[in-house]
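See below for the structure under consideration.
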Protein chains: 2
Amino acid sequence: MPIQLSDAKKLIEGILNKREMLLVTGECFVRYQGRAGSKLPKGKRMLMVKADKSFAIHQNRFLRPVNYMMNAVVSTKLKENVLVIEALKRKPKELIEVFFYSVDFVKGLEIEGEKDLSLFGSEKELSDQLMQDLSLIEPGLKPLKQESPLRKGVIDILAEDSEGSIVVVEVKRRRADLNAVSQLQRYMKQVEKIKGKKTRGILCAPSIGKHSMELLERSDLEFYKLDYEISNPKAEIKGLQKKQKGIKDFIEGKQ
Amino acid sequence: MPIQLSDAKKLIEGILNKREMLLVTGECFVRYQGRAGSKLPKGKRMLMVKADKSFAIHQNRFLRPVNYMMNAVVSTKLKENVLVIEALKRKPKELIEVFFYSVDFVKGLEIEGEKDLSLFGSEKELSDQLMQDLSLIEPGLKPLKQESPLRKGVIDILAEDSEGSIVVVEVKRRRADLNAVSQLQRYMKQVEKIKGKKTRGILCAPSIGKHSMELLERSDLEFYKLDYEISNPKAEIKGLQKKQKGIKDFIEGKQ
DNA sequence: CGGGCTAGCTGCGAG
DNA sequence: CTCGCAGTTAGCCCG
């Protein structure tokens, strides 16, 4: 049994004021105009509004909402038997209008807002571990700087090898792609220009695609296969081994 | 008033069988192990499971869920006064365990599942329009192929100019970045090698960053400022103008 | 604020 | 399947 739209409006406003998580379901049409534009024809959907004014329309499919906005200014109005819920933002200017023709269900939920998730296995964590012991890559490698900002990007690890060459290290937690190779190439060229010294570029990743490997080798970069394990409180590097042309098996290695 | 966990379990299983959208809220602890690992300490959260087995734990903040899995195999079990809801996947092997110590609320919703959103203003749409009339870029430009697949990427538009040179066009719907320039550079070099002809690279975007512009010019590529409007049924290109070093104002142009 | 980047990216489409 | 990439990417961090 549907809820009276005027009752729904009051309920919704109360929940928004309390900064609870708001859920609304019903028959609605959705229009969006902003960075792009969209229309969602009439149908049953769920609207979710969070305390930080994340605004999302969900269908019964996909992780991602079909329409959304963050940091929205939310307002409701009742007009000719339609309950309109608007999400508005400026910079960039964006507007979502949800036209509810009927409302089945309105609910406010007291839910945790903090982001208290502890995650392990991130690229940063792997980079930290490498920084601790660059001899994993090769003996005599000395750390210079982590997260070194260039004009055109940020270098994961900057180091110096036993012969005094600069070494640029790029770490990837998953299979390296063309983009990763281009990135490293960019960094290496910049460092070479700035420092005016012989510079090497090293890509560390659990695996790399065939085309990416070709591009890497043509660019005179080096690939190191990075083995790691995600155990409970943190990820651990298990091995790091240089790979080159002749060797093919590692290409198949999925993470 | 909390729901008995055994009742909650039955309700949840019924809703999952009906392929309705499932919502469960309550006090829970969440553990994830897979491509990475995470722990979410005990607290009130909302679990959402969709018909396609998208599985998401939401907090009252952010658009994105704090833990998630797509195409999950979902199962429930009751164990020592804890209701455990598991999401399992192989390839890659992933597991989310949600330990509900109490359940406040269980709901099944009949919600649309189709993806019936019509969206306009995508990169593909802009590329289509450009393909219709390449004279927007320069007179005499003849289309050769759209979405042309190379070994190392896909070219948006491949064309030939009035002097018989190959032209590679890359379109971006938003401000072009370093990555976009690298992409175009890659495509251009490949085409040059394959065709063995003089090749130009053109980047079309509403704006471009200063560093990206530098990189682009050093790579002998060209930038065209792409103005477009998103009107109702589709986006429309309003203008396309070549920009080079001397001209600076367009750098400030946010889309 | 913009600039650059990671992400357990997700989702799509071609080979 | 994998590969490459767009995305209203979101969210983060550092200048």
Side-chain angles (χ1 to χ4, degrees), chain A residues 32-38 52 54 61-71 89 91-96 115 117 119-124 127 147-156 170-175 177-180 183 186 207 209-212 230 235 251-252 254-255, chain B residues 32-38 52 54 61-71 89 91-96 115 117 119-127 147-156 170-175 177-180 183 186-187 207 209-212 230 251-252 254-255:
Chain A
Y32 160 67
Q33 182 101 13
R35 287 171 290 178
S38 74
D52 64 349
S54 304
R61 205 182 157 194
F62 299 127
L63 280 171
R64 295 169 67 77
V66 62
N67 281 110
Y68 56 89
M69 189 182 298
M70 17 170 328
N71 301 319
K89 190 161 72 144
K91 200 142 178 83
K93 196 187 174 196
E94 294 191 292
L95 172 64
I96 299 176
K115 54 164 180 176
L117 181 82
L119 185 127
F120 31 99
S122 66
E123 178 187 301
K124 182 59 167 52
S127 172
E147 304 265 303
S148 171
L150 293 182
R151 288 195 310 273
K152 295 184 185 63
V154 183
I155 295 175
D156 281 347
E170 176 66 30
V171 182
K172 292 290 171 209
R173 69 176 307 284
R174 52 179 178 154
R175 175 176 274 241
D177 56 13
L178 294 169
N179 197 2
Q183 245 182 76
R186 260 186 354 240
S207 68
K210 204 175 94 183
H211 297 146
S212 305
I230 49 165
I251 290 174
E252 324 304 335
K254 323 288 184 279
Q255 72 112 337
Chain B
Y32 159 69
Q33 183 101 12
R35 286 171 290 177
S38 74
D52 63 350
S54 303
R61 205 182 156 191
F62 298 127
L63 280 171
R64 291 163 140 294
V66 61
N67 281 111
Y68 54 89
M69 189 182 299
M70 18 171 327
N71 302 319
K89 190 160 73 142
K91 200 146 179 80
K93 196 187 174 197
E94 295 190 290
L95 173 64
I96 299 176
K115 52 164 181 176
L117 181 82
L119 186 127
F120 31 99
S122 67
E123 178 187 301
K124 181 61 165 50
E125 198 182 332
L126 296 172
S127 171
E147 303 265 303
S148 172
L150 293 182
R151 290 196 310 272
K152 295 184 184 65
V154 183
I155 294 175
D156 282 347
E170 176 66 29
V171 182
K172 291 291 170 207
R173 68 180 306 285
R174 53 174 180 160
R175 174 174 274 241
D177 56 13
L178 294 169
N179 198 0
Q183 243 182 78
R186 255 180 7 234
Y187 301 159
S207 67
K210 204 173 91 182
H211 297 146
S212 305
I230 49 167
I251 288 174
E252 323 304 335
K254 323 289 183 277
Q255 76 111 325

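Below, chains carry the letters A, B, ... as their sequence lines are ordered, and counting in each starts from 1.
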Checklist entry - Do the side-chain N or O atoms of A:Lys210 get closer than 4.0 angstrom to the phosphate oxygens (OP1, OP2) of D:dC3? => result no

Checklist entry - Which part of the nucleic acid, if any, lies within contact of A:Lys124, taking any heavy atom under 4.0 Å across all strands shown: a base, the sugar-phosphate backbone alone, or nothing? => result nothing

Item to check | Pairwise P distance, C:dG8 and D:dG4 [rounded to whole Å] | outcome: 22 Å

Checklist entry - Do we see B:Phe62 stacking on the base of D:dG11, given a limit of 5.5 Å between centres and 30° between planes? => result no

Checklist entry - Can you find a heavy atom in the side chain of A:Leu150 that is under 4.5 Å from one in the side chain of A:Arg186? => result no

Checklist entry - Taking only N and O in the side chain of A:Tyr68, is any of them less than 4.0 Å away from OP1 or OP2 of D:dT8? => result yes

Next on the checklist: Looking at A:Ile230, is its backbone amide N or carbonyl O close enough to the side chain of B:Gln33 to form a donor-acceptor pair, meaning the two atoms are under 3.5 Å apart?
Outcome noted: yes

Checklist entry - Contact class for A:Phe120 (heavy atom, under 4.0 Å): base, sugar-phosphate, or nothing? => result nothing

Checklist entry - Could you give the CG-to-P distance, from A:Asn179 to C:dC5, as a whole number of Å? => result 9 Å

Checklist entry - Of B:Pro149 and B:Met70, whose closest DNA chain C nucleotide lies nearer the 5' terminus? => result B:Met70

Checklist outcome for this item: From CG of B:Leu150 across to C1' of D:dC5 the rounded distance in Å is 13 Å

Next on the checklist: Side chain of A:Asn67, heavy atoms from C-beta onward: which of D:dT2, D:dT8, C:dG4 has the nearest atom to it?
Outcome noted: D:dT8

Checklist outcome for this item: Of B:Leu63 and B:Glu170, the one whose nearest nucleotide on DNA chain D sits closer to the 5' end is B:Glu170

Item to check | Among C:dT6, D:dT8, D:dT9, the nucleotide that comes nearest once only the side chain of A:Gln183 is considered | outcome: C:dT6

Checklist entry - What is the nucleic acid contact for B:Arg151, judged by heavy atoms within less than 4.0 Å: base, sugar-phosphate only, or nothing? => result sugar-phosphate

Checklist outcome for this item: Regarding the side chain of B:Arg175, the nearest nucleotide among D:dT9, D:dA6, C:dG3 is C:dG3

Checklist outcome for this item: Looking only at D:dT2, C:dA7, C:dT10, the nucleotide nearest the B:Lys91 side chain is D:dT2

Item to check | Residue mapping more 5' on DNA chain D - nearest nucleotide basis, B:Arg64 or A:Met69 | outcome: A:Met69

Next on the checklist: What is the distance, to the nearest angstrom, from the CD atom on B:Glu147 to the C1' atom on C:dG15?
Outcome noted: 14 Å

Next on the checklist: So if I take every side-chain heavy atom of B:Ser212 and compare against C:dG4, D:dA10, C:dC9, which nucleotide ends up nearest?
Outcome noted: C:dG4

Checklist entry - Picking from D:dG7, C:dT10, C:dC5, which would you name as closest to the side chain of B:Leu178? => result C:dC5

Checklist entry - Roughly how far apart are A:Lys89 NZ and A:Ile96 CD1, rounded to 0.5 Å? => result 9.5 Å

Next on the checklist: Are the side chains of B:Arg174 and A:Arg35 in contact, using a 4.5 Å heavy-atom criterion?
Outcome noted: no

Checklist entry - About how many Å separate OH of A:Tyr68 and CG of B:Leu63, when rounded to the nearest 0.5 Å? => result 8.0 Å

Next on the checklist: From OH of A:Tyr32 over to P of D:dG7, roughly how many Å is that when rounded to an integer?
Outcome noted: 12 Å

Next on the checklist: By the 4.0 Å heavy-atom rule, please label B:Leu119 as base, sugar-phosphate, or nothing.
Outcome noted: base

Next on the checklist: Without decimals, in angstroms, what is the distance between B:Glu125 CD and D:dT8 P?
Outcome noted: 12 Å

Checklist entry - Do B:Asp52 side-chain atoms and A:Arg61 backbone N/O form a donor-acceptor pair below 3.5 Å? => result no

Next on the checklist: Of the options D:dT8, D:dG4, D:dG7, whose atoms approach the side-chain atoms of A:His211 most closely?
Outcome noted: D:dG4

Item to check | Short side-chain N/O contact from B:Arg173 to OP1 or OP2 of D:dT9, under 4.0 Å | outcome: yes

Next on the checklist: Roughly how many Å apart are D:dG11 and C:dG11, using the P atom of each and rounding to a whole number?
Outcome noted: 15 Å

Item to check | Rounded distance in Å - CZ (B:Arg174) to P (D:dT8) | outcome: 10 Å

Next on the checklist: What's B:Ser38 touching, base or sugar-phosphate or nothing? Going by heavy atoms closer than 4.0 Å.
Outcome noted: nothing

Checklist entry - Nearest-Å distance, CG (B:Asn71) to P (C:dC9)? => result 15 Å

Checklist entry - For A:Gly121, does its backbone N or O pair with a side-chain atom of A:Arg173 as donor and acceptor, under 3.5 Å? => result yes

Checklist entry - How close or far is atom C1' of C:dA7 from atom CG of A:Asp156, stated in whole angstroms? => result 14 Å

Next on the checklist: Can you identify which nucleotide, out of D:dT8, C:dG8, C:dG15, has its nearest atom closest to the A:Arg35 side chain?
Outcome noted: D:dT8

Checklist entry - With sugar-phosphate meaning primed atoms plus P, OP1 and OP2, does B:Arg186 contact a base, only sugar-phosphate, or nothing at under 4.0 Å between heavy atoms? => result sugar-phosphate

Next on the checklist: So, OP1 or OP2 of D:dG4: does either fall under 4.0 Å of a side-chain N or O from B:Lys152?
Outcome noted: no

Checklist entry - Contact class for A:Val66 (heavy atom, under 4.0 Å): base, sugar-phosphate, or nothing? => result base

Checklist entry - Nearest nucleotide by nearest heavy atom, which residue falls closer to the 5' end of DNA chain C, A:Leu117 or A:Gly153? => result A:Gly153

Checklist entry - Within the side chain of B:His211, is there an N or O that forms a donor-acceptor pair under 3.5 Å with the backbone of A:Lys152? => result no

